[in-house]
Each structure stands twice: as C-alpha cells, then as structure tokens.
Amino acid sequence: MDRRFPFKVLEHIFSFLDANEDRNSVSLVCKSWFETERRTRKRVFVGNCYAVNPLKVARRFPKMRSLTLKGKPHFADYNLVPDGWGGYAWPWIEAMAARRPLLEEIRLKRMVVTDECLEKIAASFRDFKTLVLTSCEGFSTDGIAAIASTCRKLRDLELRECNVDDLGGDWLSYFPETSTSLVSLDFSCLDSEIKLSDLERLLSRSPNLKSLKLNRSVTLDVLEGLLRRAPQLVELGTGSFSDELDPEEISKLTKALSELKQLKSLSGLWDLLPEYIPVLYSVCPRLTSLNLSYATVQMPDLVDLLSRCSKLQKLWVMDMIEDKGLKTVALCCKELRELRVFPSGADLDEEDVALTEQGLVSVSEGCKKLESVLYFCVQFTNAALVTIAKNRPNFRCFRLCVMEPFAPDYRTQQPLDEGFKAIVERCKDLRRLSVSGLLTDKAFEYIGVHAKKLRMLSIAFAGDSDLMLHHLLSGCESLKKLEIRDCPFGDTALLENAAKLETMRSLWMSSCFVSFGACKQLSQKMPRLNVEVIDEHPPKTRPDSSPVERIYIYRTVAGPRQDTPEFVWTIHKNPEVGVSRLSTR
Amino acid sequence: MSEFLAAEHDYIGLSEFPTMEATKPTSDNKTKTTDNNNNNDDDVLNFKATELRLGLPGSESPERVDQRLCSLKSSCPVSGAKRVFSDAINGSTKWVFSTDSSAVEDIKPDVPVKEKKSSASAAAPASKAQVVGWPPIRSFRKNTMASSQKQGGGGDNNNNNSETEGEAKSGPEPCLYVKVSMEGAPYLRKIDLKTYKSYVELSSALEEMFSCFTIGQFGSHGGCGRDGLNESRLTDLLRGSEYVVTYEDKDSDWMLVGDVPWEMFICSCKKLRIMKSSEAIGLAPRVMEKCRSRN
C-alpha cells in the first residue's frame, strides 16, 4: 500500500505555506516533498545572488512568479565595497527570460542593473507586474522608459534610493495612454524634472494607484493638482515642501490633503518649512507611517505635528527632534513599532547636545509596542541601555550608532559592555543588532551567550582580540550575517570556527587583522565557501602573513564566480595557487 | 600603497586607536606630513607595533594585538575623550556628511589640540579627515542632506549620480568618469579618462579590465607613438581583432576610438563600448566623414 500522501494532497497542503523558511524546511524532509514543494513555490528569495546558479534556480521552480535577489554586501551602503565589485543582475534576468517567461515580479537590492537588463525584462515577461529596485545602480531613465512603455500590465514601479543615470524626465511619458493598471510608482530618487502634464494624465487614468512617491523636483505648487487626481492614495511621498505659496494655494493644498481619506503613509517632505506644517494636520490622525528624515524641521514645530499622530507605527526623523520631541512621541504615539533617528550633521562640538540617550529611554518607556530602533547619537551610557532593555524586552531590531568610535559610557568612562549585555539578555527575540561605542571582548561574550535568535550583527571599532569573534561564531546559533570593520583580530577565530561560516549567509571583515595565509587555509578547509579578498592596493607579493584589506566570505553552491573585477580575488581551493582570477573556464 | 591605506583609514589623529595608521611618513599624505616624527616615543612604538601594512615582509602578526590593547586601555577613557575625537575631525558638520571636498573647513583654534590635529587641519580638505563609511549613513541620504545645506540646492544637485560622474562636462574636472560596457559582458565598469595619457594606455587598461573576454590584439599594435591612429591602422584593427573600442561623443554619435587626437577624445567622450568588430565596420565610414569634415 502506498503510504505516501497523494501528490495532489501534498500540493494542496503546501499551498498554505508562505514563508520561504518553512518551505525550505519542508523541502528537506524527503525527495517527494522536495519535488512537491519545488513545483508549488511561487515566490523565490535568494539572499546572495552568488550563492546559487541562476539557471538551477530557474529549473527548480517551474511555477516561479516572483524573484527577489540581493547582491552586494550590506556595507556597500557605506562605501566600503569598491565600485565594480559585482552583483550583476544580467545573468539572472537572462536565465529567467529564457526559462520562466511567466515571471511577474522582480525585486532587486544592491545590484547592478543595466538598461539592457531592463529592456530584457520588458521584452521577455509578458505578464510583468512588479519591479522594485532598492539601492541599485547601473541603469538610466532610458531603461525605465522601456519598462513603462512595454509592460502592459505594470502595477508597481519603485526605485528606492537608486543611483540612476538621469537623462531627463521623458520616461514618464512612455506609459501608454491605455495603461491603467498602475498601483505604485516611486521615482523619489530621480533628479530631473518630469513633465507635469504627463504625470497628471497618468494619475487621472490610474484609479488603482495606491502609492505615489514623487521626487524632489516636483514643486509644492503643483502638489494640489496631483492629489486631486489621486484621492485614493494610501501612501504619498511629496516632492519639495519649501516653495512659496500664496494663502489661496495653501488653503487649496490643505483641502486636497484632507480629501485623502485613505492616506496612511507620508514621506518626502523635503525641506519642510514650519509654516506649512498646519497643512498636514488633517492627515496626521490617520497616519501609521511618517518619514520626516528629509524634513529639516526643528523643535518645537515638530511637536505640533507629532502630537497629532496618535496612530503612528513607524517614525523616521532627524535628531532635530531632540529629547524633548521624543518625549512627545512617547506620550502621544502609543502604537509606535519602529523608530529611526538620523543625524542631521548639526555641530557636534556643541556642549549641549539636544539629542541624547534620554530620548530613546523616554520612547522605550512610553511606546510599549516599540520593537525596532535605529538611533544615531553622539554618546551613550550603560545605565540608559539597561533601562531601555528593561522597558522593552520585545525588541527585534536594535541598532545603536554612537557616532564617536570608542566612546565609553560618558558618565562612568566604562565600556558599554554591560549596557549591551542587558539588551541581549532581556530581548530574547532580538534578530538584528548593531553595536557601537567602546566595547571589549566581554560584550561579545555576552552576545554569544544570550543572543540566540540573532541573525544579523554589525560591528565597528570594537573588541580586543580574536576572542571576540570566537564568542560570536561559537555562541550565536542563528547568526546569518556578520559584518565587521576596523576590529583588531582575525585569523585564529576565523579558522577555529570555519564550519560555522557554512551555516551563515556571509561574513564581511574590513580593516581587520586577517592574513592572507589564513584566507588560503580557510578556503581550502571549506569547499563550499567563496573566500574573496578585496584589495584595491594589492601588494606585489603576498606572503602569508600579509594582511588583506577586506574579505568577504559567503557560502555558495555555485563555486567561485566568474565576474570578479581586477581588485577582487577568489582564493583558490588549491593552496598552491593562492589567488586567481578564475577567468579560465 | 600604505599611503593609500593611510588616506583611507586616517580618521583619527589620536593614540586611542593607533592601529590603523601607517607610521611611514609619506610626502603626499598631507595629514601625516612630519607629524609622525613629532610623536613621543611611546606613541611611535605603539604605532609601529600595530601598524597595518600591506605586503611588506615581516608584517606584524596578530600577537601584536596585546600591545595595541595595552595602549588602547592606557590612553582610553579620559573625560575629554569625546571632545578629543571631535577636535581631530575639523568642521564637525562636514565630517558627518563627506560628499565632496567643497565643504569649507571650520577650524576652531581655541580648542585644545593634539599634535596630530594641527597638522590635520593645516592643509587637508575635509575629506581627508573622514572615516570611510562612518557614521554609517547611506550615500543617498548624505547627498540629499548635503544639498539641503547648500542654499538653493533644490533639485539640480546631482543627488543621485555619483558626484564624480563627469559626462560631457567641459572645463577642469578632478576626474572624468565614463562608463565602459562590453558586448556580451554582463557588467559595466567606470573609468577615469584623466588617468590615461594616450590611447595605448587606455587600451591596455581596458584589456586588463575585460581580460576574461578576448579583446584581440588591438592594444598591442605597438609603435604607435602618436595620439591618433590613422585610417590604415583602423582597418588593420578591424581585420585583426575580434573586438574594437567605440565611444559615444558629445553629438551622441558612436565613433571608433582612435580617430581624433587624445585631448580631443577625452573632451568629447561620454561613454565607451567594446563591440564586435563586425558591428563596428559600419562605423568606419562615419569616422572618415567626420574626419574629412573637420579637416
């Protein structure tokens, strides 16, 4: 008797599985589950585009409708990865175009996307619906025009903080007059002016448009006209908010904003002038997400705005909010889940720094649902961290950037070890952590012991010795991504914990003491790791003891990649060879 | 080599973290100058012990970490630690957002300075005193904020294009980046045309960059002492190799590289493309025409 579930039943059960982690687990059970799962997976996520061969992915998932890829290491965001390192979308687009023409959604992060890629997408996927590019580069507005003009069923076109070769605003006119399917449009990262009439006409014929994010060159005087044509918006990113308006225009704009009954998210607000804040009052009570991080608004004007946002769940601001403003947030925004406070570049030499650790302490007290924090601050104390941890054991993401490298607790002059210990001890669900300030190996011992659910950890200017890395690699069971810069160790801990690296997505180390010899040994020991040495100023000879500028280590089943530029070497598995460009096939 | 390393890592002129500094005084590294020689002996020893050098025989091994740790602990948590760091970085506004070097230095002479700072403030533009990628703020945000700070930044600052992109700009530029693409290659490169002085240099650089694809012998036609290549050389190239280099000029025409003097070329070149010679054949007549119309 066949004791297995009939394929159809299994397939039906698996169709309820959304999370890829679950699907991955399921696919490991046995061959028939693997087969069933792969035939039913619609959304494919590849966290490192070099971990696997695009053709294999295309072949494995015949029902693929959505592909998400990430390319460059996270530290590329901070210019630590030289230009030209890699992360090319082309091989993936090419493979999918050939084998999965029914693909509908492509989401790329930190990848190099050329106009050829975009043209290929437009030409190959007839039902293409969604293109989201985050922190990508390599393409121009010509490529966008190709997508706009050819993808008949386009729903989402989002360019998030991309580096685009902006050849002008013409691309917007390429949406055919017959296209009415648009749901979200984000061109906030583009520079040049678009033609207002193009945009107005597009809005008029897009009744399903829910999310619109304009770029800075869209001036305030035209905003009212745009909003009248899209009163159904749920997310709005305005353009510049600083142009002069006469009273009549102001009143019209105020009315137009108040008509946006579904609006939940507001961003843009570039150079928001205090006199225009009242214009926003009508939308505040409904807002769940507010991004003021480009609004150069000071206290106390911010308070007027924030005190009206009682439903706010996500708030991004600059440090102009000061401790006072954060107190208001703690009082008024009881639903807050995520807070990000960015530095405005205000003079750091001032003795009275208006944003201190107190601000975060207040929010942690008042906002019981707070679970995600990114906080830039000049200095901090252990006591504050301990209090914050006691208040909010529900943190899932805690990123503290004490901007002064090696800054100790400014009251006690002690390292911030105890403070971070409290965080990892109490916040049992912590998934992501960024540490800063003066930290010794002890801090990392605590992290290794307590942070069992931690998946991503970012470290800069910390630690004393190899012990630090050893604590992390041997202790943090769930660690997937580790990125380290300017820390004084390398070899021993790396080699001792080599096996751990295969359970992680990637490890980045720059300006640390990792020797070339250790890289070779590691690569030889671990066949399924790519050990990449990134050296913009390589030495003429490489004795084993010579340090490398940066290493990027990631697990892969695709072998060494073939597209490395001249400053990247994948360490050969044969130690005699050392490094090679691997350009021979 | 090490001077580059120093330029990249030279963010603090302090003994708090001596590790990242090269102690070799290098003439072209303004922030170092003669300062290293003025260090007291202790500092020098610590620096030397923990110096991160590339490729030199007998470079330090990680056991030296202990020494660095000692120096770190001894010089560490002084009450003025915070001030000292920010002292060493001039013009605090500017160090947070290191976009271009046009940010003005803001030197505060009444602040207690350490030796390093005085040399750091002397000649170095703000960017030299920066830590690369610190604080960790995305360049999009940095560029946006920088242009907000300049009055009337509006929308016409190149927020999102790399500030070094020098497409078809005339006049003195610190560098002239153009994109180089190659037919069949999945990736683009950017190169600074100002770093090359002749077609020969350019072609050998391109060959190096795209070496995993056969470029052919276009770079190795030796004996070309002049800046330009004449007609017969062009046809030689086309016959002899698989690929040729073309460029898009100011008029958005695609031309074969080599038909105009080098200086003229770098002024009018917007983009480079390495394409199969079979496709480039069609360009040759245009090149001749343009040459004739110019002469």
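Chain identifiers are assigned alphabetically (A, B, ...) following the order of the sequence lines, protein sequences preceding nucleic acid strands; residue numbering begins at 1 within each chain.
If you run side chain to side chain contact (heavy atoms under 4.5 Å, CB included) between B/Phe140 and each of A/Cys189, A/Ser135, A/Ser188, only A/Cys189 comes through.
For the options A/Tyr410, A/Trp270, A/Phe376, heavy-atom pairs under 4.5 Å to chain B are most numerous at A/Phe376.
B/Trp134 contributes a side-chain N or O that, together with a main-chain N or O of A/Met403, makes up a donor-acceptor pair within less than 3.5 Å. With B/Arg138 contributing its side chain and A/Glu161 its backbone, the two residues share no donor-acceptor pair below 3.5 Å.
For the pair B/Ser181/A/Thr114, no side-chain contact is recorded, criterion being any heavy-atom separation below 4.5 Å from C-beta on.
For A/Ser240, no part lies under 4.5 angstrom from a heavy atom of chain B. Only the backbone of A/Val402 has a heavy atom closer than 4.5 Å to any heavy atom of chain B.
Residue B/Val132 comes nearest to A/Arg485 through the heavy atom pair O-NH1, 2.8 Å, listed as atom of the first residue, atom of the second, then distance.
No more than 12 heavy-atom neighbours from other residues, nucleotides or ligands sit within 6.0 angstrom of CD on A/Glu193.
Atoms OH and NZ, from A/Tyr78 and B/Lys142 in turn, are 10.5 Å apart once rounded to the nearest 0.5 Å.
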